[in-house]
Amino acid sequence: MSESGTGTEAGARPADAAANPAPPLLPAPGAGPEGTGAAERESGEAPRLGAFLARAAAGTAVLTVLGAVLGLVRDQAIARYFGASDASDAFLIAWTVPEMAATLLIEDGMALLLVPAFSLALTRRARGGAEEGADPVRDLVAATLPRLFLLLSGGAALLIAGAPWVVGVLAPGLADPRLAVDCTRLTAVTVLTFGITGYFSAALRAHRSFLPPAGVYVAYNLGIIGMTLALHAAWGVRAAAAGVAVGSALMILTQLPVFLRLVPLARPRLPRRGRPRRRAVRGAPLLGFAVLAPVVLFVVSRQSQVLVERFLASTLPAGAISHLNYAQKVAQMPMVLSLMICTVTFPVVAQAMAAGEHEKARRRVERDLGLAGLVVLLGTAVVLGYAPQIIDVLFQRGAFDAADTASTAQVMRVYALGLLGHCLVGALSRPFFSSGRPTWFPAFAMGTGLLVTMGAGYALTYRFGVDGIATANALGISATALLLLMGLGTRVVPIRARDVTLSLSRLAGASLAAGAAGWACAPLVSEPVLSLAAGCLLVPAVFFLTGLALRSPEVVSLLALTRRRFLDGR
């Protein structure tokens, strides 16, 4: 087996490659989600691929939950020491930089660009594209990583120099922007570190190595927590901003050893007679402006929803930005977990599109949308029913008082109405970009949603405050999700949009019923911890019973699978 896990050695003979068409890329026997795959025949692909993806999704989910828990500890530390105050608002304005950088360079942008590119390079290597000492994967790294490093370094330097202007644009309503400027300069390094992290993550996921990319937020949050606890007394909220820089460097170190092991960076040593002449590799995957621009515009438009929120909230009383931040971070946890499914299967879809297997891609995408919808809507029901108890348990201590809990919980319930939209935008954008070809429709859909967010925000903020901002967010992202769902089947992957919509509608009905049951029963138990514990039993029970009554295919299939495995295990 080759080091990259494609099952074709770098020196494979062209004649062998021509005689044996490239088989699908699959994990090697017994390989875990941290390993790489070997070439397999179509006959054995489905069950082994499904088992591998299940293990990969489980491992990714565990690390994601751990990272999310540490993220809550991070937010608890910031809430404890700084509350919902001018200092926390200044940090959160500076945190806009790493938030946007994470979306553009780790979570969406870099993945949407590079997972298809690496998948295509791996497919070409498996088909014999690595003849005469050339390697499509190594050539892709050599053509992109050095340029990316220089570009991101320049961007970080410009951001440090222009921090006062950035803060003025993001939050013109701040009375004293100096603290926010200092924090922004500390967090500006993430433009570089997040970019390298995202590059490594995309390369490793294309190689079917999922655990190191899933662990980056564990390292990131540990860095922030450590710096905040150690230096908050001396540096104030600047300690948390310095923690962002330290944590982002730890993200790179988390993936570097596996990246160096899997991705070839140097040409193999060959005898002088066998050395290839320097020439361009035919068919090497390129990342030109035509492919880059639509992805960047889509991701920037998506993250601009946060910029609109911060801009509008800066005109409200102190603490508004903090209430929005805490509510959004907690409310979006179900969405983050649901997208783990699509994150793991994205390389599968990309390789299917590269191989022209559109029917396989359709089945995978429809299955992913149903499973992701089930996870996010179950989480939505919990948030709707138990938002006050969740915020009380997580944050109400120190400088974060009962009034902050009530305001944050109310905003979180409003945010929950847009969670399905956020999930669908993340899930549907991946297949749009899976072919590695230019496509502007996602950027159009996201731009339309952003206009809805801006218009609704300006109309609702004056009257409803932070609740109006959260409502505008839910409306804008839902409009984007609807456009993407309607456009995917006719443009890229021929999904059955009507069937998907009906399936998600049944799950949404189950979510509303379960959320209403939780909302009604939550006040019956006065202790927040006990009330929330009871809700973790009540809400799923009502959700699945309602899903069965509505004949939701995902609920029926999941319960049938659970029952079958239970009977098999007896």
> Does the pair Val237 and Tyr81 meet the rule for a side-chain contact (heavy atoms from CB on, under 4.5 Å), with working shown?
Replying inline: CA-CA 8 Å; Val237 79; Tyr81 293 122; over 6 Å; no
> Would Leu122 and Arg208 satisfy side-chain contact (heavy atoms from CB on, under 4.5 Å), going step by step from the backbone distance to the final call?
Replying inline: CA-CA 11 Å; Leu122 287 167; Arg208 305 285 175 87; over 6 Å; no
>> Before you tell me yes or no, could you show the steps for Thr184 and Val97 under side-chain contact (heavy atoms from CB on, under 4.5 Å), namely the whole-Å CA-CA distance, both residues' side-chain angles and the distance that decides it to 0.1 Å?
In response: CA-CA 7 Å; Thr184 299; Val97 173; 4.0 Å; yes
> Which is it for Leu186 and Val244 under the side-chain contact (heavy atoms from CB on, under 4.5 Å) test, yes or no, and what are the steps along the way?
Replying inline: CA-CA 8 Å; Leu186 288 169; Val244 171; over 6 Å; no
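Checked against a 6.0 Å centroid threshold, the rings of Phe395 and Tyr326 count as neighbours.
Between His232 and Phe82, some side-chain heavy-atom pair lies under the 4.5 Å cut-off. Counting heavy atoms from C-beta outward, Leu105 and Leu152 have side chains that approach closer than 4.5 Å. For the pair Ile477 and Tyr415, the minimum side-chain heavy-atom distance is 4.5 Å or more. Side chains of Leu204 and Leu262 form a contact here, defined as non-hydrogen atoms less than 4.5 Å apart. By the 4.5 Å heavy-atom criterion applied to side chains, Val258 and Phe200 are not counted as neighbours. Using a 4.5 Å heavy-atom cutoff, the side chains of Val383 and Met333 are not in contact. Side chains of Thr228 and Arg74 form no contact here, defined as non-hydrogen atoms less than 4.5 Å apart. A 4.5 Å side-chain heavy-atom check between Leu428 and Leu369 finds at least one atom pair inside the cut-off.
Taking CD1 of Ile78 as the reference point, atom CG of Leu92 lies at 7.0 Å (rounded to 0.5 Å). Atom CG of Leu114 and atom CG of Leu120 lie 12.0 Å apart (nearest 0.5 Å). Interatomic distance, Thr254 OG1 to Leu222 CG, rounded to the nearest 0.5 Å: 9.0 Å.
Closest of all the heavy-atom pairs between Val263 and Ala203 is CG2-CB, 4.2 Å. In terms of heavy atoms, Ala163 sits closest to Arg185 at CB-CG, 3.5 Å. Closest non-hydrogen pair, Ala219 versus Met251, comes out as CB-N, 4.3 Å. Closest of all the heavy-atom pairs between Pro294 and Trp440 is CG-CE2, 3.6 Å. For the residue pair Ala188 and Ala156, the shortest heavy atom distance occurs at O-CB, 3.7 Å. When all heavy atoms of Tyr220 and Pro98 are compared, the pair lying nearest together is OH-CB, 4.0 Å.
Applying the side chain to side chain contact (heavy atoms under 4.5 Å, CB included) rule to Thr193 yields the partners Val189, Thr190, Ser248, Ile252; only residues at least two apart in sequence or on another chain are considered. Residues meeting the ring pair (Phe, Tyr, Trp, His ring centres under 6.0 Å) test with Phe441, sequence neighbours left out: Phe432, Phe444.
Glu554 pairs in a side chain to side chain contact (heavy atoms under 4.5 Å, CB included) with only one of the listed residues (Leu374, Val375, Leu504), which is Leu374.
Side-chain N/O atoms of Tyr199 and Thr144 include a donor and acceptor closer than 3.5 Å. Looking at Ser88 and Ser322, their side chains do bring a donor and an acceptor atom within 3.5 Å of each other.
Looking at Ser338, its side chain never comes within 3.5 Å of a backbone N or O of Gly373 through a donor-acceptor pair. Between the side chain of Arg205 and the backbone N or O of Phe210 there is no donor-acceptor pair closer than 3.5 Å.
Taking a 6.0 Å sphere around CZ of Arg367, one finds it holds more than 12 heavy atoms contributed by other residues, nucleotides or ligands.
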